[in-house]
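Worksheet: the structure to be examined is printed underneath.
Keep in mind that the numbers below use all heavy atoms, side chains included, and drop hydrogens, waters and symmetry copies.
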Amino acid sequence: MKYCYRYILLIAVMALTLTAVAQKQPVNIDSLSSAKNDTIQALRSMLQEQQMKNIMMQEQLEKTGEAARDDSLRLVRRKERIDSLRNITPGAPLIIDGDTLLVLYTRRGGILPEARVEDIREKIMEEGKRMTLFTDSIYIFDGEFTTDIMIGEELVMSVTDNDGLWQNKTRQELAAEYRTIIEAKIEQLHAQYGLKRKLMGVVYVLGAMLALGLLIWATNFCYRRWRYRLLRMLLRRTRPLAIKDYEVLNLHRQGILFLTGFNVLRYLIIFLLLFIFVPMFFVAFPETKSFTFTIFGYVWNPFVNILKSVVSFLPKFFQIVVIVFCFRYLVKGLHYLMNEIGSGRLKITGFYADWAQPTYLILRVLCYSFMIVMIWPLLPSSESEVFQGVSVFIGIIVSLGSSSIIGNVMAGMVMTYMRPFHVGDFIKYGDTEGFVIEKTVLVTRIRTRKNDVITIPNSNLMTSQTTNYTFSAHNYGVIVHTKVTIGYDMPWQQIRDLLLDAAAKTAHLQKKPEPFVRITALDDFYVEYEINAYTRKSDLLGDIYSELHQNILDSFHSNGVEIMSPHIFAHRSDLPVQIPEK
């Protein structure tokens, strides 16, 4: 510092000397000495002031260095914290049309990364979908704390120092990188949604509509032009379709069927054209492109789902085929076995031939029921709650509505093995007598002597008394019996002989065992006689009874015996004898 002072003093003296010489004035030694002192004093003051400034600058530099060191340490610590969070922080990606443009990890003030990304996406989409021919320029505005990416007067996004730290870049570098990405995306969106794209879409739609109209017109034209020509060609070459003597499809019906099918084909072609072209109208504009896949999905997805279901069902389908095949031939084997038993070629002790057909029906029902039980879990959607609910509902409806049917079926099965009568037997049910003409699992049909066919539910037959005359006649002989009432004035021996004589004259009454007469009652005014005779002809009981009654009348009248109520006999003072004249 002292050498600097000498240099300054020397320069000052030389300056004064040169000034004096320049003015051509004599040099005054005293004035030089005074000037020297003033200069020294001024230089001292300047030196002190400079020293103070140096001290202040030194202090400022020391403070600045400490601040820089503190900032550097804080920056290092911040990077370390970010590095520790980098693996566990997913970040908020900015995704537009399936393309990930950037990822934000930090807040900006109180705004979360997700909210920042959503705001950026809306602004990019708004700018990219503007109906203009050209897009505004994108530039960067570098502020004190943030670097902003701008489009005109609109702020797209702000890049902070923390954003740069997450990407290991400065915010200026990161903003420049984001600017390039955003600019490219806006240009891409503008190419898709801009006015030029809209005009091209309109032209495309008009062309597609024109093509669709032409194709529909051509379809209708071909239909009107060729339907009768093809019909005449078809009718010339075809013949009526007949099964034996019945014509299933004559030429007229075939013509109607062909015209109907040809018309249906026309509508199918028009529907196919609409199905192809209508989605193309939506493809022309990016905003409606998603509707194309929606419309295609309405028709295509059901076909795909059905195809997938069919493919996945194939293994179970083959299982069902094997099960049906096995049970089918099992039922055929049972049918063959029961036919052998029913025809008498195969005899099993204790198993009657007439049991064969009902037993076969029961076994067939059981086999098919077991087959359905095995197939049921293999059916599509059999495990779904809807399928199970419908199955339970149908089961309840069947069980509630078929209680009487089940009762008749069970009664028919029980009666089959009880064997109370067979088809052709003459039976009596209540006041009804007739021949059994049909037995089913539900009802039994009887034909009376008047040829009236009566249908009786099996449950009624099961709970009521029936008389089988055919069985009795075949094994024991049916006793034909009838009663007459004669007064006490006639000897019983004569009446017995007359009744036996009438029975002997009656056809189809057996001689062995012999007929016999019973006196069944001794009433107040008459005696009741009953003639009994055996017969094996249960199917002729009506005729036998009629002939027996005729013979009784002939026998009694020919012997002068009057068959008359004693009540009348007691008051017959003037009444003639009630015997017809010969």
**Report entry** Qualifying residue, where the test is side-chain contact (heavy atoms from CB on, under 4.5 Å) with Lys428 and the options are Leu541, Thr467, Thr466
**Finding:** Thr467
Requested in this report: Kindly assign one of parallel, tilted or perpendicular to the pair Phe221 and Trp217, based on the angle between their ring planes and the thresholds 30° and 60°.
Outcome: parallel
Requested in this report: Please work out which of the three classes, parallel, tilted or perpendicular, describes the rings of His549 and Tyr545, given edges at 30° and 60°.
Outcome: tilted
Requested in this report: Apply the test side-chain hydrogen bond (donor to acceptor under 3.5 Å, both in side chains) to residues Asn339 and Tyr336: give CA-CA distance (whole Å), side-chain angles for both, the deciding distance (0.1 Å), then the verdict.
Outcome: CA-CA 5 Å; Asn339 280 340; Tyr336 172 77; over 6 Å; no
Query raised in the report: With a cut-off of 6.0 Å (strictly less than), are more than 12 heavy atoms of other residues, nucleotides or ligands near CD of Gln465?
Result: no
Query raised in the report: Does a side-chain heavy-atom distance below 4.5 Å link Tyr526 with Ile486?
Result: no
Report task. Could you grab the distance from atom CD of Gln510 to atom CZ of Arg536, nearest 0.5 Å is fine? Result -> 5.0 Å
Requested in this report: Please report the closest heavy-atom contact between Ala356 and Met338, naming both atoms and the distance.
Outcome: CB-O, 3.3 Å
Query raised in the report: Got Thr359 and Ile341 here, is their nearest side-chain heavy-atom distance under 4.5 Å?
Result: no
Query raised in the report: Can you find a pair of side-chain heavy atoms, one from Leu361 and one from Gln357, that are under 4.5 Å apart?
Result: yes
Query raised in the report: Without hydrogens or angle criteria, can the side chains of Thr520 and Glu530 be said to hold a donor-acceptor pair below 3.5 Å?
Result: no
Query - Heavy atoms from other residues, nucleotides or ligands near NE2 of His474 exceed 12 (cutoff 6.0 Å) - result: no
Query raised in the report: Quick one: does Ile323's side chain get under 4.5 Å of Met371's, heavy atoms only?
Result: yes
Query raised in the report: Any chance CZ of Arg328 has more than 12 other-residue heavy atoms, nucleotides or ligands included, within less than 6.0 Å?
Result: no
Query raised in the report: Taking everything shown except Phe471 itself, do over 12 heavy atoms lie less than 6.0 Å from its CZ?
Result: no
Query raised in the report: Should we say atom CZ of Phe275 is surrounded by more than 12 heavy atoms from elsewhere, each under 6.0 Å from it?
Result: yes
Requested in this report: Report yes or no: does Thr444 contribute a side-chain atom to a donor-acceptor pair with the main-chain N or O of Thr440 at less than 3.5 Å?
Outcome: no
Query raised in the report: If every non-hydrogen atom of Tyr429 is compared with every non-hydrogen atom of Ser464, which pair is closest and at what distance?
Result: CE1-CB, 3.4 Å
Requested in this report: Please indicate whether Arg225 has more than 12 foreign heavy atoms, meaning atoms of other residues, nucleotides or ligands, lying under 6.0 Å from its CZ.
Outcome: no
Report task. Answer yes or no: is there a donor N or O on one side and an acceptor on the other, between the side chain of Ser472 and the main chain of Gly477, under 3.5 Å? Result -> no
Query raised in the report: Which atom names give the shortest non-hydrogen contact between Cys367 and Val331, and what distance separates them?
Result: CB-CG2, 4.1 Å
Query raised in the report: Given the rule in the side chain to side chain contact (heavy atoms under 4.5 Å, CB included) test, do Phe435 and Asp425 qualify, once you have shown the distances and angles that lead to the verdict?
Result: CA-CA 6 Å; Phe435 297 93; Asp425 288 356; over 6 Å; no
Requested in this report: Please work out which of the three classes, parallel, tilted or perpendicular, describes the rings of Tyr469 and Phe426, given edges at 30° and 60°.
Outcome: tilted
Query raised in the report: Looking at Leu499, Thr506, Asp501, which one forms a side-chain contact (heavy atoms from CB on, under 4.5 Å) with Ile552?
Result: Leu499
Query raised in the report: If you round to the nearest 0.5 Å, how far is CZ of Arg121 from CD1 of Ile96?
Result: 7.0 Å
Query raised in the report: OH of Tyr534: more than 12 outside heavy atoms within 6.0 angstrom?
Result: no
Query raised in the report: Does some side-chain heavy atom of Ile95 sit less than 4.5 Å from a side-chain heavy atom of Val117?
Result: no
Query raised in the report: Can you tell me how far the CD1 atom of Ile446 sits from the CG atom of Leu461, to the nearest 0.5 Å?
Result: 6.0 Å
Query raised in the report: So, Arg445 and Glu438, do they make that salt bridge, N to O below 4.0 Å?
Result: yes
Report task. Would you check, one step at a time, whether the test side chain to side chain contact (heavy atoms under 4.5 Å, CB included) holds for Val321 with Gln319? Result -> CA-CA 5 Å; Val321 170; Gln319 294 182 30; over 6 Å; no
Query - Residue pair Ile544 / Ala507: nearest heavy atoms and the distance that separates them - result: CG1-O, 4.1 Å
**Report entry** Pairwise side-chain contact, Asn532 with Val517, heavy-atom cut-off 4.5 Å (strictly under)
**Finding:** no
Query raised in the report: Less than 4.5 Å apart, any side-chain heavy atom of Phe327 and any of Leu330?
Result: yes
Contacts table for residues 262-270: side-chain donor-acceptor under 3.5 angstrom, sequence neighbours left out:
residue, atom, partner, partner atom, Å
Asn263, OD1, Arg266, NE, 3.2
Asn263, OD1, Arg266, NH2, 2.8
Arg266, NH1, Asn220, OD1, 3.2

Query raised in the report: Is a donor on one side and an acceptor on the other found under 3.5 Å between the side chain of Asn460 and the backbone of Ile456?
Result: no
Query raised in the report: Do the side chain of Asn468 and the main chain of Thr470 share a donor and acceptor less than 3.5 angstrom apart?
Result: yes
Requested in this report: Measure from NZ or CZ of Lys316 to the centre of the six-membered ring of Phe313, then state whether that distance is under 6.0 Å and the direction lies within 45° of the axis.
Outcome: no
Report summary line: Separation between OG1 (Thr349) and NZ (Lys347), nearest 0.5 Å, reads 10.0 Å
Report summary line: To the nearest 0.5 Å, atom CD of Glu433 lies from atom OG of Ser538 at 11.0 Å
Report task. Decide yes or no for Asn559 and Asp497: does some side-chain heavy atom of the first lie under 4.5 Å from some side-chain heavy atom of the second? Result -> no
Query raised in the report: CZ of Phe317: more than 12 outside heavy atoms within 6.0 angstrom?
Result: no
Report summary line: Nearest heavy-atom contact between Met490 and Val561 is CE-CG2, 3.6 Å
Query raised in the report: What's the shortest heavy-atom distance between Ala211 and Phe277, and which atoms?
Result: CB-CE2, 3.9 Å
Query raised in the report: Under 3.5 Å, is there a donor-acceptor pair between the side chain of Thr463 and the main chain of Ser459?
Result: yes
Query - Side-chain (Asp452) to main-chain (Thr448) donor-acceptor, under 3.5 angstrom - result: no
Report task. Could you walk me through whether Val480 and Ile531 pass the side chain to side chain contact (heavy atoms under 4.5 Å, CB included) test, one step at a time? Result -> CA-CA 8 Å; Val480 177; Ile531 178 64; over 6 Å; no
Query - Pair Ser343-Arg345, side-chain hydrogen bond (donor to acceptor under 3.5 Å, both in side chains): steps then yes or no - result: CA-CA 6 Å; Ser343 62; Arg345 291 188 291 269; 3.3 Å; yes
Query raised in the report: Measuring from Leu500:CG to Arg496:CZ, what's the distance to the nearest 0.5 Å?
Result: 7.0 Å
Requested in this report: Dump the intermediate steps for side chain to side chain contact (heavy atoms under 4.5 Å, CB included) on Val527 and Asp523, then the final yes or no.
Outcome: CA-CA 6 Å; Val527 179; Asp523 289 332; over 6 Å; no
Query raised in the report: Taking Lys439 for the side chain and Phe421 for the main chain, is one N or O donor matched with an acceptor at less than 3.5 Å?
Result: yes
Query raised in the report: Taking Ser369 for the side chain and Val365 for the main chain, is one N or O donor matched with an acceptor at less than 3.5 Å?
Result: yes
